[in-house]
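When reading the values below, keep in mind they use all heavy atoms of this one structure, side chains included, and skip hydrogens, waters and symmetry mates.
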Amino acid sequence: MTTARRVTLRDVASAAGVSVPQASLALNGQGRVAAGTVRRVREAADRLGYRPNPAARALRLGHGGALGLITRNLSNSYFLDVLRGMEAVASARGSHVVVMDSGYDAETELAAVRRMADGQVSGLGIAPVGGTEAVDWWRANRPELPIVLLNVSPAAGSTTVGPDNTAAVTLAVDHLVELGHRRIGFVCAPPADAADTDRTDTFLARSGELGLRPEVLATRLHFDAVRDLVAAELADPEGIRTFLMNSDYTASAVYRAALDSGLRIGRDVSVVGHDDLPTSSLLAPAMTTVAFDRRSVGEIAATELLDPGSGPRTALVPVHLVVRDSVVNLRS
């Protein structure tokens, strides 16, 4: 006997021509959703016979647990935007988000996952440190609860959400080359801590295609560690002067190192960030960076936890380059 597939929130969103987070907010009468959109979503739900899954229903009625979120580094305000996105969707279900931070430490991360599992969370969003130990532990000990991985390379068998890393790195490298840069330092986490290895792979591949001299600079992605690494390059007359970063947070450490070295960003030193934080346009000079809808990462993650689809999927948030003044034009 064949069992009919359960209609998911994603089916409703597709039928109504809206995003999954919009459909979620529309069905629960909360959030900034136009009346016409609410009507269209509810009509689609009725037509398809949509019924929320038990975990989502429990959250809305206040009988289920919160959603868990474990970040890598709450010093990076990017994760605050992710949290806001998750909280908006969870709040529409009458719940909230519990947050813990690993600080890029695998042991702290595993302890946080264990604590989440012992609490009242109904699903876990995690931006993991490089290895899979914590994620594997969750799957082995809480197989009935969903897990979504944030800001990682797409992985078979896992639901992942994050910016399109391949496009992000390609846009940044191509922009630097257009301005005459041939030697680029790519700052990333050490292999043991790196979860988004597709960024490094793309950097090396694109550099090879363009005949560049690429250099991968691995360091702990804390402000002081990045500042010290960049300062060492700037102190070397043959050191790197062009830096491609994994975040605006770490890119700001390049500004600090340049200032301490008596050099100027956009004249002596070039840097491209990632995330387009609100403060990045206020720096002197304003930072060139890769932008995307940061909050949507959290919205998608929360929706995936509350209304899992029929199987794992990869959700890539579109990116675009915001050109400002932090890159020297070597062709002028």
Side-chain angles (χ1 to χ4, degrees), residues 19 21-22 25 31-33 69-92 96-97 99-104 125 127 150-152 161-165 167-169 171-172 175-176 187-189 196 199 221-227 230 243-260 264-267 269-303 315-328:
S19 68
Q22 277 185 308
L25 295 173
R32 298 168 294 178
V33 183
L69 172 63
I70 299 177
T71 70
R72 288 194 284 259
N73 183 8
L74 271 178
S75 296
N76 183 351
S77 63
Y78 160 75
F79 285 111
L80 298 180
D81 291 318
V82 173
L83 172 58
R84 290 187 184 99
M86 287 189 69
E87 185 67 33
V89 173
S91 178
H96 61 283
V97 181
V99 187
M100 300 183 72
D101 184 41
S102 71
Y104 265 107
L150 308 176
N151 287 59
V152 300
V161 182
D164 186 337
N165 286 332
V169 173
L171 285 170
H175 176 66
L176 290 169
V187 179
C188 62
D196 51 357
R199 286 181 53 83
L221 297 178
H222 295 293
F223 185 93
D224 290 347
V226 174
R227 179 200 60 202
V230 174
F243 301 91
L244 177 54
M245 313 302 294
N246 77 312
S247 69
D248 286 8
Y249 166 74
T250 54
S252 67
V254 180
Y255 278 70
R256 178 77 252 183
L259 179 65
D260 293 343
R264 287 180 55 184
I265 298 291
R267 187 186 69 181
V269 180
S270 297
V271 59
V272 176
H274 185 282
D275 296 339
D276 193 26
L277 299 179
T279 53
S280 296
S281 64
L282 305 178
L283 296 173
M287 185 191 298
T288 293
T289 185
V290 175
F292 58 97
D293 187 343
R294 302 179 301 276
R295 180 166 166 159
S296 73
V297 174
E299 292 175 343
I300 295 170
T303 302
L316 296 179
V317 177
V319 300
H320 63 278
L321 187 70
V322 178
V323 177
R324 298 189 179 113
D325 301 315
S326 62
V327 178
V328 183

*Step by step, work out the side-chain contact (heavy atoms from CB on, under 4.5 Å) result for Val328 and Ser270.*
CA-CA 6 Å; Val328 183; Ser270 297; 3.2 Å; yes
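- Val297 has its side chain within reach of Phe292: a pair of non-hydrogen atoms, C-beta onward, lies under 4.5 Å apart.
- Considering every non-hydrogen atom in both Val226 and Thr250, the closest pair reads CG1-O, 3.6 Å.
- Nearest heavy-atom pair across Arg199 and His274 is NH1-CD2, 3.4 Å.
- Judged by distance alone, with hydrogens and angles left aside, the side-chain atoms of Ser102 form a donor-acceptor pair with the main-chain N or O of Thr71 at under 3.5 Å.
- Here the shortest heavy-atom pairing between Thr303 and Pro21 reads OG1-CA, 3.8 Å.
- To the nearest 0.5 Å, the span separating CG on Leu80 from CZ on Arg294 amounts to 10.5 Å.
- Judged purely by atom type and a 3.5 angstrom limit, Asp101 uses its side chain to pair as donor or acceptor with the backbone of Asn73.
- Of the possible donor and acceptor atoms, none in the side chain of Glu299 sits under 3.5 Å from a partner among the backbone N and O of Gly85.
- Remark: the backbone N or O of Leu277 is paired with a side-chain donor or acceptor of Asp248 at under 3.5 angstrom.
- Of the residues listed (Leu259, Val272, Val271), the one engaging Val254 in a side-chain contact (heavy atoms from CB on, under 4.5 Å) is Val271, and it is the only one.
- A donor-acceptor contact shorter than 3.5 Å links the side chain of Ser252 to the backbone of Tyr249.
- Using the six-membered ring where Trp is involved, His222 and Tyr104 have ring planes that are perpendicular, over 60° apart on the 30 and 60° scheme.
- In this structure, Leu74 and Val99 have side chains that are in contact, with non-hydrogen atoms separated by less than 4.5 Å.
- Between atom CG of residue Asp325 and atom CG of residue Leu283 there is a gap of 11.5 Å, rounded to the nearest 0.5 Å.
- When every heavy atom of Ala284 is checked against every heavy atom of Tyr255, the shortest pair comes out as O-CE2, 3.9 Å.
- One finds the CZ atom of Phe79 at 5.0 Å from the CZ atom of Arg72 (value rounded to the nearest 0.5 Å).
- Heavy atoms only, all atoms of each residue included: Leu316 and Pro163 are closest at CD2-O, 4.1 Å.
- Remark: Ile265 CD1 to Phe243 CZ distance equals 8.5 Å, nearest 0.5 Å.
- The shortest side-chain heavy-atom distance between Asp196 and Val152 does not fall under the 4.5 Å cut-off.
- Within the 4.5 Å cutoff, the side chain of Arg324 has heavy atoms near those of the Thr289 side chain.
- Separation of atoms OG1 (Thr288) and NE2 (His175) is listed at 4.5 Å; rounding is to 0.5 Å.
- Asp275 CG to Ser247 OG: the interatomic distance, rounded to the nearest 0.5 Å, is 5.5 Å.
- Between Leu171 and His320, the closest heavy-atom pair is CD1-CA, 4.0 Å.
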